[in-house]
Participant: 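Please find one structure pasted underneath; my questions will follow.
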Amino acid sequence: MHTSPPVTRVDDPLVRDVLRWYAANARDLPWRRAEASPWAVLVSEIMLQQTPVARVLPAYERWLRRWPAPADLAAEEPGEAVRAWDRLGYPRRALRLHAAARAMVAEHGGRVPDSYQALLALPGVGDYTAAAVASFAFRRRHVVLDTNVRRVLSRSLAGEARPAPAPTAAERRRAETLLPADGATAARWAVAAMEFGALVCTARTPGCDRCPVRRRCAWRAAGFPDDGGRRRTQRYDGTDRQARGRLLRVLREAPASVPGDALAAAWDDAGQRARALDGLVADGLVEPLAGDRYRLPR
DNA sequence: TATGCGTGGTC
DNA sequence: TGACCAAGCAT
């Protein structure tokens, strides 16, 4: 690797301690290796949206072996991306990643753009992903606010068990204040804070007894207050969401098009099945053909 | 701003 | 056992 060892002085003690913790405890994940391309970083970030690392790993390896550059994916039918997405969940991500690959070919010479703004303009790339790719792949200095970072800062600095449902201006200011001056150190801080939130300062059972910043943690100092303000978790069984998943699974596992009967076998309730199918078609995940047949989009 | 969007593991 | 949780995005 051509980057120099960190020489930047990190003044904030939280940042310093989390960086030190990361140096000793980071997992060896493929998208963090020096040889990971910007495309690999982007693929990993999209796959990791709401999906655990353990489930992403095999899909990530297969994906990059098959499509090592944006142009390789762009040359495929969108349905192939949906099929290769397998059961990662939220298959619209696959469609958007495919659209992003085509946009990169059309507008960026087949490369992943290196600016936050250009990244943000890609389908399926929001604030978090744009900042993460700009930071991790290009060492640009950005606040990277994912759910882990937000939880770490809420606890250690604000003394609250969990952050607000959506990032607030105050949170951004807080994060900006901590951000190291140079891009490379800022990137390392971002990934370190995320890793720390994933492995120590976790949502359910935080490892406060082995936490390197516990002496300064505002949440601990306040006695671990918990207002219990959880997000309402949605039911899944019997929902349209589940129906969509079942239908799409039939389509993914079929080599070509399938008859409506095959979909009917996957979901009993005809009204709900029709609604789910309409939704899938509207999302571009399913293509209806003549004669009551369906396939993944071409 | 609230809601819809998959899937499977954990406690 | 059923909530809760997992590196969000789009509308």
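Sequence lines set the chain letters: A, B, ... in the order given, protein chains first and strands last, and positions in each chain run from 1. The model shown is predicted, which means the values in this text are computed figures rather than measured ones.
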Participant: Taking only residues two or more places apart in sequence, or in another chain, which ones meet A:R249 in a salt bridge (Lys or Arg N to Asp or Glu O under 4.0 Å)?
Facilitator: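 Partners of A:R249 by the salt bridge (Lys or Arg N to Asp or Glu O under 4.0 Å) criterion, ordered by chain and then number, come out as A:E253.
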Participant: Indicate whether OP1 or OP2 belonging to B:dT7 is found under 4.0 Å from a side-chain N or O atom of A:Y236.
Facilitator: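 It does, given that an N or O in the side chain of A:Y236 lies less than 4.0 Å from OP1 or OP2 of B:dT7.
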Participant: Looking at A:T51, I'd like to know whether one of its side-chain N or O atoms comes within less than 4.0 Å of OP1 or OP2 on C:dA7.
Facilitator: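 Checking A:T51 against C:dA7: no side-chain N or O falls below 4.0 Å of OP1 or OP2.
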Participant: For A:D127, answer base if it contacts any base atom (sugar-phosphate contacts may also be present), sugar-phosphate if it contacts only those atoms, and nothing otherwise; contact means non-hydrogen atoms under 4.0 Å.
Facilitator: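 Counting heavy atoms under 4.0 Å across all strands, the contact made by A:D127 is with sugar-phosphate only.
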Participant: Dot-bracket for DNA chain C, 5' to 3', counting Watson-Crick or G-U wobble pairs under 3.5 Å, with [ ] for crossing pairs and | for inter-strand pairs?
Facilitator: .|||||.||||
Participant: More 5' along DNA chain C: A:R96 or A:Y128, using each one's nearest nucleotide?
Facilitator: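 Per heavy-atom nearest nucleotide, the more 5' residue is A:Y128.
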Participant: Which residues in residues 112-124 of chain A have a heavy atom closer than 4.0 Å to any atom of DNA chain C?
Facilitator: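 Those residues are A:P123, A:G124.
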Participant: For A:R174, is the CZ atom crowded, meaning more than 12 foreign heavy atoms sit under 6.0 Å from it?
Facilitator: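 Enclosed.
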Participant: Using a cut-off of 4.0 Å on non-hydrogen atoms, how would the nucleic acid contact of A:R151 be classed: base, sugar-phosphate, or nothing?
Facilitator: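 Sugar-phosphate contact only.
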Participant: Has A:R87 got a side-chain N or O lying under 4.0 Å from the OP1 or OP2 atom of B:dG8?
Facilitator: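 So the side chain of A:R87 is within the cut-off, an N or O lying under 4.0 Å from OP1 or OP2 of B:dG8.
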Participant: Kindly state whether the ring of A:W85 and the ring of A:W63 have centres lying under 6.0 angstrom apart.
Facilitator: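 Close enough - the centres of the two rings lie under 6.0 Å apart.
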Participant: Using whole Å, report how far CG of A:D146 lies from C1' of C:dC9.
Facilitator: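 In whole Å, C:dC9 C1' and A:D146 CG are 14 Å from each other.
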Participant: Check every strand shown and say whether A:R252 touches a base, only sugar-phosphate, or nothing at a heavy-atom separation below 4.0 Å.
Facilitator: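 The answer is sugar-phosphate, as A:R252 gets under 4.0 Å only of primed atoms, P, OP1 or OP2.
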Participant: Is there a side-chain polar atom (N or O) of A:R244 under 4.0 Å from OP1 or OP2 of B:dG6?
Facilitator: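 Looking at the OP1 and OP2 atoms of B:dG6, one of them is under 4.0 Å from a side-chain N or O of A:R244.
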